[in-house]
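Residues take their numbers from the sequence shown, with the count starting at 1. Counting starts at 1 for both ligands and their atoms, following the listed order.
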Amino acid sequence: MAEPASTSVLIIGGGPSGLLLSQLLHRQGIDSVVLERRSRDHVLSRIRAGVLEQGAADLLRTAGVGARMDREGLVHEGIEIAVGGRLHRLDLAALTGGKTVMVYGQTEVTADLYAARDAMDGVVIDAAEDVALHGLETDAPSASFLKDGARQTIRADFIIGCDGFHGVSRRSIPADRLSLFELVYPFGWLGLLADVPPAADELVYASHPDGFSLCSMRSPTRSRYYLQCPLDEKVADWDDDRFWETLCARLPEELAARVTRGPSIEKSIAPLRSFVAEPMRHGRLFLAGDAAHIVPPTGAKGLNLAASDIHYLSTALIDHYRNGDDEGLERYSERALARVWKAERFSWWMTSVLHSFPEKGAFAVRMQQAELEYLLSSPAAQASLAENYVGLPY
Ligand code: RFL
Ligand code: PHB
């Protein structure tokens with residue numbers, strides 16, 4: 001199929017942000033093209049986030065891709081925190097006046113979005129290499145790219161950078177027009193996916209002197225576990241036995257006894273980082289999702305922030321095309337960043353209280369213990385965690 005020479009909204013990156021935006025725009029009669037660097041198989045095989053806030057789940061429904069999520073996703077009303085060898089349940093629903101989260105993998109969200117784009121004949125150009133952005137400060141921005149060895153150009157009214165942390169969009173903004181804020185943590189998360197029933201009915205965030213661990217899930221028969229690990233660790237050094245032994249040693253005994261071990265389907269290490277680029281707009285280029293900000297996964301906020309950015313941006317673009325109203329576009333960066341910084345704070349806080357930081361010394365260890373004791377004894381502190389975990393309002 002010949003690629004179009006122009007479109008209204010040119011979206012760089014076919015991850016959840018880019019696909020969701022193109023889907024929401026299409027349903028309002030606004031055409032877009034998505035340029036994705038990797039093959040579709042590659043994009044669909046990435047294992048990432050697992051928890052959707054109510055706002056993100058609602059946005060997927062608005063985009064017409066909520067049916068399988070509503071059938072197969074698991075609604076969770078609480079989480080558990082393991083401290084000092086004991087489990088403590090936080091009743092999210094009771095603490096937030098009835099709000100819950102949806103456990104449904106990002107892999108499934110992406111598959112549903114691709115299926116919906118295909119069903120609507122949406123244009124997603126995969127294996128688009130060496131994307132370069134042009135004319136961002138003019139009224140006629142464009143992107144050029146290599147497809148099957150030939151260089152092509154697509155013009156647009158707007159370019160949306162949904163190409164993740166390592167993408168080309170943020171790097172196309174002159175350095176003196178961006179402020180970058182970054183905190184790199186001295187550890188990563190080693191994740192394991194296995195077709196075994198989860199150890200608990202809800203997610204368990206476990207603090208332990210040897211390091212943090214997380215018991216999560218994708219379905220009643222598929223579990224996702226994570227271990228805090230040193231940054232220089234290699235996946236090859238972690239056979240499944242070592243993973244399961246280390247996990248069980250970090251969990252309360254009653255929970256460790258319920259861990260079903262089995263062969264891993266996937267194992268990977270992700271570094272932990274907090275990062276924000278301001279502003280999220282340069283001329284006709286708008287940034288959304290991981291292209292503009294990264295959170296450590298502890299608060300389960302990465303994918304959810306991508307969704308809230310897309311909520312603000314899709315509304316703004318629809319106002320522009322439908323009503324000739326540019327207020328949403330003008331205020332996009334400010335609105336999105338206000339929510340981003342609150343999620344950055346929450347993710348940083350969850351990471352700080354639950355992980356081991358031996359290099360910070362004994363005072364920091366006592367501060368962490370005091371934080372956790374306060375959390376587990378104070379309904380006000382629990383309400384604050386719950387309010388952020390289920391997601392702040394858009
Ligand atoms: P994505 O998902 O990174 O998608 C960006 C897409 O852009 C493509 N791309 C390009 N396309 C064209 N030209 C270029 N030059 C391009 N450069 C990149 C990429 O191939 C990709 O398809 O960003 P998006 O859509 O903003 O979505 C954000 C979420 O994916 C992200 O916030 C979360 O997955 C973060 N995250 C996690 N969040 C959680 O809440 N829980 C987790 O357990 C969790 N695990 C993870 C993660 C992110 C990871 N990354 C980014 C390395 C594990 C990993 C490994
Ligand atoms: C996941 O299931 O991948 C997951 C869940 C909760 C988090 C992070 C990751 O906080």
Distance-only donor-acceptor check, side chains Asp112 and Tyr104, under 3.5 Å: yes
Atoms in ligand 1 with a heavy atom of Gly164 nearer than 4.0 Å: 3 (O), 5 (C), 23 (O)
Minimum-distance protein heavy atom relative to atom 13 (N) of ligand 1: Val131 CG2, 3.6 Å
Donor-acceptor pair between Thr110 and Glu108 side chains, under 3.5 angstrom: no
Minimum-distance protein heavy atom relative to atom 8 (C) of ligand 1: Glu36 OE1, 3.2 Å
Pair Phe357 and Phe187, ring centroids less than 6.0 Å apart: yes
Option nearest atom 21 (C) of ligand 1 (shortest heavy-atom distance, choices Arg38, Arg40, Arg46): Arg46
Residues which pass side-chain contact (heavy atoms from CB on, under 4.5 Å) with Arg284, listed by chain and number, not counting sequence neighbours: Asp139, Pro141, Asp157, Phe158
Atom 30 (O) of ligand 1 - nearest protein heavy atom and its distance: Gln106 NE2, 2.7 Å
Ser223 side chain vs Val196 backbone, donor-acceptor pair below 3.5 Å: yes
Short side-chain donor-acceptor distance under 3.5 Å, Ser333 and Arg281: no
Contact list for residues 14-24, test side-chain hydrogen bond (donor to acceptor under 3.5 Å, both in side chains), sequence neighbours left out: Gln23-Arg117
Heavy-atom nearest neighbour in the protein, as seen from atom 42 (C) of ligand 1, with distance rounded to 0.1 Å: Ala49 CA, 3.4 Å
Closest protein heavy atom to atom 27 (O) of ligand 1, given as residue, atom name and distance to 0.1 Å: Pro16 CG, 3.5 Å
Heavy-atom protein contact below 4.0 Å for atom 1 (P) of ligand 1: yes
Gly18 N/O under 3.5 Å from ligand 1 N/O: no
Protein heavy-atom partner closest to atom 11 (N) of ligand 1 - residue, atom, separation in Å: Arg37 N, 3.1 Å
Flag for Asp309-His293: side-chain donor and acceptor within less than 3.5 Å: yes
Minimum-distance protein heavy atom relative to atom 54 (C) of ligand 1: Arg48 NE, 3.8 Å
Flag for Arg250-Ser213: side-chain donor and acceptor within less than 3.5 Å: no
Within 45° cone and under 6.0 Å: Arg170 NZ/CZ vs Phe165 ring: yes
Shortest reach to atom 5 (C) of ligand 1 by a heavy atom, considering only Ser172, Cys162, Ala128: Cys162
Residue Gly302 vicinity, atoms of ligand 1 by number, heavy atom under 4.0 Å: 32 (O), 40 (O)
Nearest non-hydrogen protein atom, atom 18 (C) of ligand 1: Asp163 O, 3.1 Å
Nearest-option assignment for atom 23 (O) of ligand 1, heavy atoms, candidates Leu272, Leu20, Ile310, Asp290: Asp290
Contacting atoms of ligand 1, where contact means under 4.0 angstrom from a heavy atom of Leu35: 11 (N), 12 (C)
Starting from the N and O atoms of ligand 2, find every protein N or O within less than 3.5 Å and list the pair with its distance.
| unit_1 | atom_1 | unit_2 | atom_2 | d |
| --- | --- | --- | --- | --- |
| ligand 2 | 2 (O) | Ser216 | OG | 2.6 |
| ligand 2 | 2 (O) | Arg218 | NH1 | 2.7 |
| ligand 2 | 2 (O) | Arg218 | NH2 | 3.4 |
| ligand 2 | 3 (O) | Arg48 | O | 3.4 |
| ligand 2 | 3 (O) | Arg218 | NH2 | 2.9 |
| ligand 2 | 3 (O) | Tyr226 | OH | 2.6 |
| ligand 2 | 10 (O) | Tyr205 | OH | 2.8 |
| ligand 2 | 10 (O) | Pro297 | O | 2.8 |
| ligand 2 | 10 (O) | Thr298 | O | 3.3 |
| ligand 2 | 10 (O) | Ala300 | N | 3.4 |

Heavy atom of Ala300, distance to ligand 1 below 4.0 Å: yes
Those atoms of ligand 1 less than 4.0 Å from some heavy atom in Lys301: 40 (O)
Nearest option to atom 24 (P) of ligand 1, as decided by whichever heavy atom of Ser17, Gly289, Ser347 sits closest: Ser17
Ligand-residue contact atoms, ligand 1 with Val168, heavy atoms, under 4.0 Å: 15 (N)
Structural part of Phe165 in contact with ligand 1, heavy atom criterion under 4.0 angstrom: neither
Plane angle bin for Trp189 and Tyr226 - parallel if under 30°, tilted between 30 and 60°, otherwise perpendicular: tilted
Proximity of Ile294 to ligand 1 by residue part, where a heavy atom lies under 4.0 Å: neither
Close-contact set for ligand 1 against Tyr226 heavy atoms, below 4.0 Å: 43 (O)
Donor-acceptor under 3.5 Å (Lys99 side chain, Ala386 main chain): no
Atoms in ligand 1 flagged as close to Gly15, the criterion being non-hydrogen separation under 4.0 Å: 4 (O), 6 (C), 22 (O), 25 (O)
contact_flag Phe145 ligand 1 heavy-atom lt 4.0 Å: no
Backbone N/O of Ala82 and side chain of Arg86: donor-acceptor pair under 3.5 Å: no
Enclosure of Trp349 CH2 (heavy-atom neighbours >12, cutoff 6.0 Å): yes
Side-chain donor-acceptor distances from residues 230-237 under 3.5 Å, at least two apart:
| unit_1 | atom_1 | unit_2 | atom_2 | d |
| --- | --- | --- | --- | --- |
| Glu233 | OE2 | Trp238 | NE1 | 3.2 |
| Lys234 | NZ | Asp232 | O | 3.3 |

Pair Thr7-Asp31, side-chain donor/acceptor within less than 3.5 Å: yes
Atom indices of ligand 1, in the order listed, that fall short of 4.0 Å to a heavy atom of Gly167: 17 (N)
Trp244 and Tyr225 aromatic ring geometry - parallel, tilted or perpendicular at 30°/60° bounds: perpendicular
Heavy-atom neighbours of Asp201 CG exceed 12 at 6.0 Å: no
Over 12 non-hydrogen atoms of neighbours within 6.0 angstrom of CZ in Arg177: no
